[in-house]
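Both backbone and side-chain heavy atoms feed into the values below; hydrogens, waters and symmetry mates do not. Order of listing sets the numbers, starting from 1, for every ligand and every atom in it.
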Amino acid sequence: MTQNFSELQKKILRLKKEKKALILAHNYQTIDIQEIADFVGDSLQLARKSAEPNGYEMIIFAGVKFMAEMAAILSPEVPVYIPDPRALCPLAAYLDAEKICAKKKEYPGVPVVVYVNTTAAAKSEADYICTSGSAVEVVESLGVNRVIFGPDANLADYVRTHTNVEIIDLDEEGHCYVHDKFDTDMLKELKAKYPNSLAIAHPECPLEVQTAADMIGSTGMMAKTVAETKSKVILIATEMGMIQQLQKNHPDKKIIPIFEGAVCRQMKKHTLEKILYVLEERPEENLVTVPEEYVPHIRQILEQMNKVKGQGPATAVTAEAS
Ligand code: SF4
């Protein structure tokens, strides 16, 4: 399929080749950013891509900061830049290191599994890390009866309903404001209109929405399912950038957002202009670093996380500009 790039996109594509830059974009980025990225995927898929030896001289990470931090840890030889350093995930703000230490004291010996959507300080106190696509697999792989888990309470509910392991919440209030907006009435209304549709919900949605959907999965799993399903109409409960990507990649199918207001303002802080600026200037303030004392432990648990199967590969974008 021939791609019509804007002048700005062409400039970025030329420059990224010249500067040997790898551009990684999360599924929630706008389509114009996804089009110029080398890989588009969920946080697990992008963490794996950044860990591969690649011969690049810089990585530009269009996602929220904790994701870029993971790339910086997994790719210590290559500087990682974030187009807008203010792109912080509010879900990560629910959990600090002190909260984890307090739970460890309350439940001695019980392993702590944190969702990737956490700060480096919180990760430094965790025993394991998971993504939404690997949470159940990680928890089950531990072979224990109880696990301390967080900060997302909806994802904790998802794990609880898919394992026999007792899940102790790190924060019963922790949630993603984008996915927490979905409710079952929205889903029921669309199901009534499209009775033969397939409904997929992200596990950060409230449990009742997960239960009402036909499938639950990460954005990586959504991409795989939409590509493979025979259903022609698919209802999706996740961020709008993912819906736009799915519709673009599958013009023969009707991809319907369950709620059009599901937009992550933090992910959308990145723009093509900011990516170009970082490519040209390599500004110090956009360089992503993690305090040295956290790095060895986080690298070890991230490498462990990258070994689990998860829910599908990152999408390679073969964008080229002459
Ligand atoms: S969609 Fe939710 S979890 Fe993802 S970055 Fe935005 S606020 Fe954080």
TODO: Taking atom types as modelled, find out whether Tyr177 and Gln266 have a side-chain donor-acceptor pair closer than 3.5 angstrom.
DONE: yes
- [ ] Would you sort out whether Val112 and Val114 count as a side-chain contact (heavy atoms from CB on, under 4.5 Å), showing the intermediate values?
- [x] CA-CA 6 Å; Val112 175; Val114 298; 4.0 Å; yes
TODO: Would you check if Ile23 and Phe61 make a side-chain contact, meaning some heavy-atom pair closer than 4.5 Å?
DONE: no
Task: atom 3 (S) of ligand 1: the protein heavy-atom neighbour that sits closest, reported with distance to 0.1 Å - done: Asn117 ND2, 3.1 Å
Task: Tyr28 and His26 aromatic ring geometry - parallel, tilted or perpendicular at 30°/60° bounds - done: perpendicular
TODO: May I ask whether Glu204 places a heavy atom under 4.0 Å from ligand 1?
DONE: yes
Task: side-chain contact (heavy atoms from CB on, under 4.5 Å) assessment of Val226 paired with Ile236 - done: CA-CA 10 Å; Val226 171; Ile236 307 260; 4.2 Å; yes
Task: From CA spacing to verdict: side-chain contact (heavy atoms from CB on, under 4.5 Å), Ile301, Asp127 - done: CA-CA 7 Å; Ile301 55 178; Asp127 300 309; 6.0 Å; no
Open item on the list: When you measure from the centre of the six-membered ring of Tyr56, is the NZ or CZ of Lys20 closer than 6.0 Å and no more than 45° off the axis?
Closed with: no
TODO: Just the protein N/O/S atoms under 2.8 Å from atom 6 (Fe) of ligand 1, please, no waters.
DONE: Cys264 SG
